[in-house]
Amino acid sequence: MNLDNTFKNFLKTVMDVLIPAVDDLPGAGGLDLISELQRMSDQHNKFTGIIDHAVKYIFSNIPADHDQSSHKMIEVTIRALEQDNPELFGLFIEIIYLAYYSDPRVHLRIGWKTGPLQPEGHPMPPWDESILETVRKREPLWVKA
């Protein structure tokens, strides 16, 4: 993700249009999820370049005589993105929703239990080393060089 500050601020506005504030919880842009979007974009090929392309599409398709922070204009342009490039739109929405619903503040707001499932989750039996006995007896599948 290679967005400068102008595009990052614009992205936050777009995210607030997609997932607006609810009561005391800011919208997706207000939660400052840019670093999480960056991480996901860097670590998952599926999302590489998605934010850059979507934000640049939305930004460049708002007419010059309109306010680029206008939620109404951004909404119209997002709908155009959905029509013109449904695959890009789908991945853009997916990465934003993943980042949003991964945030502990959202978990708290919607009542999701946050944190590791263990040790408070289902009890796990102790590891049984004998499970690997058969595999250890097999000859290697590779040739020693």
Side-chain angles (χ1 to χ4, degrees), residues 1-129 131-132 135-136 138 140-145:
M1 216 167 75
N2 297 318
L3 301 176
D4 63 20
N5 284 336
T6 301
F7 278 105
K8 285 180 182 178
N9 290 331
F10 182 71
L11 172 58
K12 289 178 181 181
T13 304
V14 169
M15 291 170 65
D16 279 340
V17 170
L18 291 169
I19 306 175
V22 178
D23 299 330
D24 61 338
L25 181 68
L31 290 177
D32 197 24
L33 302 171
I34 302 292
S35 60
E36 179 62 10
L37 292 173
Q38 177 74 52
R39 184 194 66 75
M40 292 168 62
S41 181
D42 290 345
Q43 292 182 357
H44 304 283
N45 291 338
K46 172 181 179 179
F47 296 125
T48 300
I50 294 301
I51 298 294
D52 295 335
H53 289 97
V55 169
K56 287 175 183 171
Y57 175 95
I58 296 166
F59 188 83
S60 65
N61 282 286
I62 293 177
D65 59 338
H66 285 78
D67 178 10
Q68 291 175 327
S69 65
S70 162
H71 283 217
K72 185 64 179 165
M73 273 314 307
I74 291 172
E75 188 177 318
V76 167
T77 311
I78 290 170
R79 290 184 195 281
L81 171 62
E82 182 179 18
Q83 289 292 314
D84 294 346
N85 194 334
E87 184 178 349
L88 175 60
F89 172 79
L91 290 169
F92 181 60
I93 292 291
E94 183 179 348
I95 193 172
I96 290 173
Y97 270 62
L98 285 170
Y100 180 79
Y101 283 105
S102 296
D103 191 281
R105 295 166 290 188
V106 175
H107 295 183
L108 182 63
R109 171 72 173 82
I110 62 177
W112 278 1
K113 183 178 177 182
T114 233
L117 297 176
Q118 298 296 343
E120 296 175 11
H122 300 287
M124 293 179 66
W127 175 248
D128 179 6
E129 280 290 322
I131 292 172
L132 299 176
V135 174
R136 286 186 180 126
R138 291 185 188 148
L141 300 173
W142 60 89
V143 177
K144 290 186 180 186

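These numbers come from the heavy atoms of this one structure, side chains and all, not from hydrogens, waters or symmetry mates.
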Just how far is it from atom [atom1] of [X] to atom [atom2] of [Y], taken to the nearest 0.5 Å?
{"X": "L25", "Y": "L108", "atom1": "CG", "atom2": "CG", "value": "9.0 Å"}
{"X": "L33", "Y": "S102", "atom1": "CG", "atom2": "OG", "value": "9.0 Å"}
{"X": "I62", "Y": "K72", "atom1": "CD1", "atom2": "NZ", "value": "13.0 Å"}
{"X": "M73", "Y": "I78", "atom1": "CE", "atom2": "CD1", "value": "11.0 Å"}
{"X": "L37", "Y": "K8", "atom1": "CG", "atom2": "NZ", "value": "11.0 Å"}
{"X": "K12", "Y": "I34", "atom1": "NZ", "atom2": "CD1", "value": "6.0 Å"}

Contact summary for [X] and [Y], nearest pair of heavy atoms:
{"X": "S41", "Y": "T48", "value": "O-OG1, 3.1 Å"}
{"X": "D16", "Y": "A28", "value": "OD1-N, 3.4 Å"}
{"X": "F47", "Y": "M40", "value": "CB-O, 4.1 Å"}
{"X": "V55", "Y": "F10", "value": "CG1-CD2, 3.8 Å"}

* To do: Would you indicate whether E87, at its atom CD, is surrounded by more than 12 heavy atoms from other residues, nucleotides or ligands within a distance under 6.0 Å?
  =>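 Result for CD/E87: open.
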Is there side-chain contact between [X] and [Y], with heavy atoms separated by less than 4.5 Å?
{"X": "L132", "Y": "W127", "result": "yes"}
{"X": "I110", "Y": "Y101", "result": "yes"}
{"X": "I19", "Y": "L31", "result": "no"}
{"X": "I95", "Y": "K46", "result": "no"}
{"X": "F92", "Y": "L18", "result": "yes"}
{"X": "E129", "Y": "R136", "result": "yes"}
{"X": "N85", "Y": "H53", "result": "no"}

* Can you tell me if N9 uses its side chain to pair, donor with acceptor, with the backbone of N5 under 3.5 Å? -> yes
* Under a 4.0 Å N-O cut-off, is there an ion pair linking E36 with R39? -> yes
* Asked: Would D52 and F7 count as a side chain to side chain contact (heavy atoms under 4.5 Å, CB included) if you check the C-alpha gap in whole Å, the side-chain angles of each, and the deciding distance to 0.1 Å?
  -> CA-CA 9 Å; D52 295 335; F7 278 105; over 6 Å; no
